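Being a predicted model, the structure only gives us computed values, none of them experimental. The figures here come from the full heavy-atom set of this structure, side chains too, leaving out hydrogens, waters and symmetry mates.
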Amino acid sequence: MSVKAAEDPREVLQALWPRLQALAVEPVRDEADIVERRAFQDMAFVAQWTVRGLSLKPNDVVPGWDEHFVTLVRENSRASKALEKSKSVEGRLEQKGTPDLSTSRAISSGPI
């Protein structure tokens, strides 16, 4: 079943389930993967919100949904934070193995 063709929110959740299962157990590979995973997370969030609007729980429609969705969100969050850090000056210095400049200043400013 195609998600685009599904009209019933329960069918949408069921159509998204195989991809959620796959993504939940995989670590993020690269920046492009984060973008894809975030887009999927957003789509899955809307689908589960719509199911909840029918007074249903996503886990009742697709057993295991909640656990897998939380795992996906946590991995996406972890990877996003790691990516942000790697793009920061501090992260770049860590990657190059450059010593922490604040420690160098403290050592050099001490009594001689």
Point-to-point distance, once rounded to the nearest 0.5 Å, from [atom1] of [X] to [atom2] of [Y]:
X	Y	atom1	atom2	result
Gln41	Ile34	CD	CD1	11.5 Å
Leu72	Gln21	CG	CD	12.5 Å
Arg78	Leu83	CZ	CG	10.5 Å
Phe69	Leu13	CZ	CG	10.0 Å
Phe45	Phe40	CZ	CZ	14.0 Å
Asn76	Lys81	CG	NZ	12.0 Å

> Given side chains that start at C-beta, do those of Glu26 and Glu75 come closer than 4.5 Å, heavy atoms only?
Replying inline: no

> Given side chains that start at C-beta, do those of Trp65 and Asp60 come closer than 4.5 Å, heavy atoms only?
Replying inline: no

Looking only at heavy atoms, what is the nearest atom pair of [X] and [Y], with distance?
X	Y	result
Val51	Pro9	CG2-O, 3.5 Å
Asn59	Asp66	OD1-N, 3.0 Å
His68	Ala24	O-CB, 3.6 Å
Pro63	Trp17	O-CZ2, 3.6 Å
Ala47	Leu16	CB-CD1, 3.7 Å

>> Just checking Arg74: does its CZ atom have more than 12 heavy atoms from other residues, nucleotides or ligands closer to it than 6.0 angstrom?
In response: no

> In the single-linkage hydrophobic clustering (I, L, V, M, F, W, Y; side-chain heavy atoms under 4.5 Å), do Val62 and Val70 co-cluster?
Replying inline: no

> Out of curiosity, does Leu23 fall in the hydrophobic cluster containing Val46 (side-chain heavy atoms, cut-off under 4.5 Å, transitive links)?
Replying inline: no

>> Pair Thr50, Val12 - check side chain to side chain contact (heavy atoms under 4.5 Å, CB included), show working.
In response: CA-CA 10 Å; Thr50 306; Val12 173; over 6 Å; no

> Does Ser80 have any side chain to side chain donor-acceptor pair (under 3.5 Å) partners at least two apart in sequence or in another chain, and if so, which?
Replying inline: Arg38

